[in-house]
**Q** 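Supplied in structure tokens, the structure appears directly below.
Computed from a predicted structure; not experimentally measured.
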Amino acid sequence: MKFFQRTRFTFQLFLFVCVTKVKTDVSTVHLGEVVVLHCVHSIENFSMVSWTVDFHNKSSCYLSTLGNGTKESCKGRMHLDIDNNETSLRIHSGAVFDEGNYTCQIVNRSGTFLYTVALQVLAEPFVSIKIDENGNPECRAVGGKPAANISWTPEPSDDVKTRSNRELNGTTTVISSYNTSNKDVTCIVSHPTFTSPIERRSSKLALGAGGNNLILILCIITVLVLLLGLILFWKRSNLRTCLSMKHDGSAAREDPVVMVEEVEPYASFTQTMNTIYNSTYNLAEYKGAQRTRQTT
């Protein structure tokens, strides 16, 4: 068994050295897309299929299938697909750091076939223009791969300052400031992902600023109206409370009259009863006195 494996390895090595056919191509994808790299050679009756990746950052990995066994050192988003006598390498959500050379190696009885794909990842930048803290037009191309190219019209002399910032995802942000008293200048941004250069005019910033100021004024007016409404509502509520308290006070002042009116019948009744009682008492005393006289 070991002798057979060694013999097959020697045979494959011989084929690789003596019968090697190499083909090279370039593949360009956009940032975030699914990348599928197809090997142009047929894998019919293959004895080994492998993909070797040499990244631009000097690191490398591989994925290979030999007989019924599969070996790989590329972890995560890379997968080796074999279907209908074809092989391909699939990358989920292509990133800038995936750039490099991808080599497909197929070994069969006819020889060893190599196919190398140079993968390039493009990222479309976001273009904007604003007025910086010094009052000058500032044009930005954010997150481009490769870095975007920024120019101005009217064409400046030495009054343009351009700087680039490397982002964490490998893209580049380009910032260009134009030191000019002319408020009507145009920023022109060129990039491989654009079908034509993108232009941004600084004269529109004044209109935008005016619109922003109008929105701010409307917001302030709205807040003031709301505050005025709240104050009027509060005053009206307090007025109602005061009127209610005055009404309650008036009712309280009127209660004694009602009580007097309610007490007066009782007082009249008591006075009448006292009069009757006194009259009865006086009559009894008078009759008593008459009896005493008759007896005497």
Side-chain angles (χ1 to χ4, degrees), residues 9 12-13 15-17 19-43 46-108 111-126 140-150 163-175 189-194:
F9 177 76
Q12 292 174 353
L13 182 62
L15 290 177
F16 178 74
V17 174
V19 191
T20 299
K21 298 180 180 180
V22 180
K23 182 175 176 61
T24 303
D25 207 346
V26 177
S27 178
T28 302
V29 299
H30 286 79
L31 184 70
E33 291 182 346
V34 176
V35 182
V36 180
L37 303 177
H38 296 280
C39 190
V40 297
H41 301 294
S42 173
I43 60 172
F46 75 92
S47 58
M48 185 183 72
V49 174
S50 69
W51 282 88
T52 303
V53 185
D54 296 313
F55 298 105
H56 286 174
N57 61 5
K58 306 303 180 181
S59 63
S60 62
C61 68
Y62 69 89
L63 302 94
S64 65
T65 297
L66 180 62
N68 295 327
T70 300
K71 295 182 179 181
E72 63 179 41
S73 63
C74 300
K75 302 296 182 180
R77 299 173 294 107
M78 296 186 183
H79 301 280
L80 175 62
D81 295 333
I82 296 178
D83 187 28
N84 295 329
N85 292 328
E86 293 182 354
T87 179
S88 60
L89 182 67
R90 182 181 299 271
I91 307 173
H92 296 283
S93 184
V96 174
F97 302 109
D98 293 327
E99 286 190 329
N101 294 324
Y102 292 71
T103 301
C104 167
Q105 178 181 344
I106 298 175
V107 178
N108 56 28
T112 298
F113 301 87
L114 298 178
Y115 173 65
T116 299
V117 183
L119 180 64
Q120 296 179 349
V121 179
L122 300 180
E124 181 176 334
F126 174 77
R140 289 177 175 244
V142 180
K145 174 65 177 62
N149 180 53
I150 298 178
R163 64 184 187 276
S164 299
N165 298 327
R166 181 82 170 180
E167 306 295 343
L168 294 178
N169 62 352
T171 60
T172 302
T173 295
V174 181
I175 304 173
V189 181
S190 302
H191 194 266
T193 59
F194 298 156

**Q** At their closest point, which heavy atom of Gly94 faces which heavy atom of Val35, and how far apart are they?
**A** CA-CG2, 4.1 Å
**Q** Below 4.5 Å, heavy atoms only, C-beta onward: do His79 and Cys74 meet side chain to side chain?
**A** no
**Q** Sequence neighbours excluded, which residues qualify as side chain to side chain donor-acceptor pair (under 3.5 Å) partners of Thr171?
**A** Asn169
**Q** To check you understand the geometry: which heavy-atom pair defines the closest contact between Glu99 and Lys145, and what is its length?
**A** OE2-NZ, 2.9 Å
**Q** Compare every heavy atom of Leu63 with every heavy atom of Leu80, then report the nearest pair and how far apart it is.
**A** N-CD2, 3.9 Å
**Q** Just so I know, are the side chains of Thr193 and Pro125 near enough to count as touching, which here means a heavy-atom distance under 4.5 Å?
**A** yes
**Q** Looking at OG1 of Thr116 and OH of Tyr102, how far apart are the two atoms once the value is rounded to the nearest 0.5 Å?
**A** 12.5 Å
**Q** Rounded to the nearest 0.5 Å, what separates atom CG in Asn165 from atom CD1 in Ile175?
**A** 5.0 Å
**Q** So, Ser73 side chain and Cys61 main chain: donor-acceptor pair closer than 3.5 Å or not?
**A** no
**Q** Using side-chain contact (heavy atoms from CB on, under 4.5 Å) as the criterion, list what pairs up with His38, not counting sequence neighbours.
**A** Val36, Ser88
**Q** Just jot down the side-chain contact (heavy atoms from CB on, under 4.5 Å) partners of Phe97, sequence neighbours excluded, or say none.
**A** none
**Q** Lys71: what forms a side-chain contact (heavy atoms from CB on, under 4.5 Å) with it, not counting sequence neighbours?
**A** Tyr62, Ser64
**Q** Around atom CZ of Phe194, are there more than 12 heavy atoms of other residues, nucleotides or ligands at under 6.0 Å?
**A** yes
**Q** Ignoring hydrogens and geometry, is there a side-chain-to-backbone donor-acceptor pair from Arg77 to His92 under 3.5 Å?
**A** yes
**Q** Evaluate side chain to side chain contact (heavy atoms under 4.5 Å, CB included) for Tyr115 paired with Ile106, printing each intermediate quantity in order.
**A** CA-CA 9 Å; Tyr115 173 65; Ile106 298 175; over 6 Å; no
**Q** Any side-chain heavy atom of Phe113 sitting closer than 4.5 Å to one from Cys39?
**A** no
**Q** From Met48 CE over to Thr65 OG1, what is the distance, rounded to the nearest 0.5 angstrom?
**A** 10.0 Å
**Q** Considering all heavy atoms of both residues, which atom of Asp54 and which atom of Ser60 are nearest to each other, and what is their separation?
**A** OD1-CB, 3.5 Å
**Q** Between Asn108 and Phe46, what is the shortest heavy-atom contact and its length?
**A** CB-CA, 4.0 Å
**Q** Would you please name every residue forming a side-chain contact (heavy atoms from CB on, under 4.5 Å) with Glu33, sequence neighbours left out?
**A** Val29, His30
**Q** Holding to salt bridge (charged side-chain N to carboxylate O under 4.0 Å, His left out), I want the full list of residues that pass it with Glu124, two or more places apart in sequence or in another chain.
**A** none
**Q** Are the side chain of Thr173 and the backbone N or O of Gly143 linked by a donor-acceptor pair below 3.5 Å?
**A** yes
**Q** Compare every heavy atom of Ala141 with every heavy atom of Val189, then report the nearest pair and how far apart it is.
**A** CG1-CB, 4.1 Å
**Q** Mind checking whether Leu89 and Val53 have side chains closer than 4.5 Å, heavy atoms only?
**A** yes
